[in-house]
Amino acid sequence: MTWLQIGALAQVGPLVLGSVGIWVALLNQRRQLNAQMFIEFSARFQELLRLFPTEAWLANVNPSRPMPPRSQDVRDCTLYCIQLIADVYHLHEAGYITKRLWMLWEREIKHTLSGPVFQREWEDISAEFANNPDFFRYISTLIHSKRQIAMPTSSLPNGY
């Protein structure tokens with residue numbers, strides 16, 4: 001190896017090392033931003049749960065419970081929930097939310113929206129989202145999908 005080649009490697013080495021460092025920093029930043037989004041949107045959802053009338057929420061998660069009467073409170077809280085879902089949906093579509101994080105949220109979104117209270121209230125508030133046909137179709141599909149029963153942890157085989 002000549003001195004010229006050694007000199008070229010000495011110049012390229014720091015460039016490669018710096019590029020790897022930048023790549024690692026960007027990867028860590030993306031993970032941190034996803035964690036921050038998860039925390040922020042989870043906090044917003046928890047706040048909505050506190051606003052949601054208890055009897056309506058319980059009837060939505062457990063269809064054997066009696067449906068509450070229609071009310072402005074239930075309608076407003078349903079609208080707020082779907083607006084929050086719209087925010088998350090648009091961030092996902094724009095590529096700001098990783099597929100893994102989206103799949104985690106989408107499972108819970110589907111479970112919530114396929115409940116009887118959200119199905120009933122969607123009839124009254126769906127026009128609010130008609131200006132966004134992709135989101136409208138997405139929510140309509142989820143609301144009318146069959147609800148999957150969550151398997152209790154105790155019935156799962158070991159290791160799951």
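In what follows, every heavy atom counts, from backbone to side chain, and hydrogens, waters and symmetry copies are set aside.
- Judged purely by atom type and a 3.5 angstrom limit, H111 has no side-chain atom pairing as donor or acceptor with the backbone of R107.
- Side-chain contact check for R120 versus V74: some heavy-atom pair is nearer than 4.5 Å.
- In this structure, the side chains of F41 and L91 come closer than 4.5 Å at one or more pairs of heavy atoms.
- Ring pair F38/W105 is parallel by interplanar angle, where below 30° counts as parallel and above 60° as perpendicular.
- Between F129 and F135, the ring center distance clears the sub-6.0 Å criterion.
- A donor atom on one side chain and an acceptor atom on the other are found under 3.5 Å apart for S64 and N62.
- L58 belongs to no hydrophobic cluster with other residues, because no ILVMFWY side-chain heavy atom falls under 4.5 Å from its own, directly or through intermediates.
- Annotation: side-chain hydrogen bond (donor to acceptor under 3.5 Å, both in side chains) contacts of R100 (sequence neighbours excluded): none.
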Audit row: W102, Y96, ring-ring contact (aromatic ring centres under 6.0 Å, His included) steps and yes/no: CA-CA 10 Å; W102 174 249; Y96 291 105; over 10 Å; no

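- No donor-acceptor pair under 3.5 Å is formed between the side chain of D124 and the backbone N or O of R75.
- Hydrophobic clustering keeps M103 apart from I97 (ILVMFWY residues linked when any side-chain heavy atoms are closer than 4.5 Å, directly or through intermediates).
- Between F118 and F52, the ring planes are parallel. Angles under 30° get that label, and only those over 60° would be called perpendicular.
- Within the 3.5 Å criterion, the main-chain N or O of L113 finds no donor-acceptor partner in the side chain of Q119.
- Of the charged side-chain nitrogens involved, none lies within less than 4.0 Å of a carboxylate oxygen, so that E47 and R44 do not count as a salt-bridged pair.
- Using modelled atom types, one finds a donor on one side chain and an acceptor on the other under 3.5 Å when comparing Y138 with E106.
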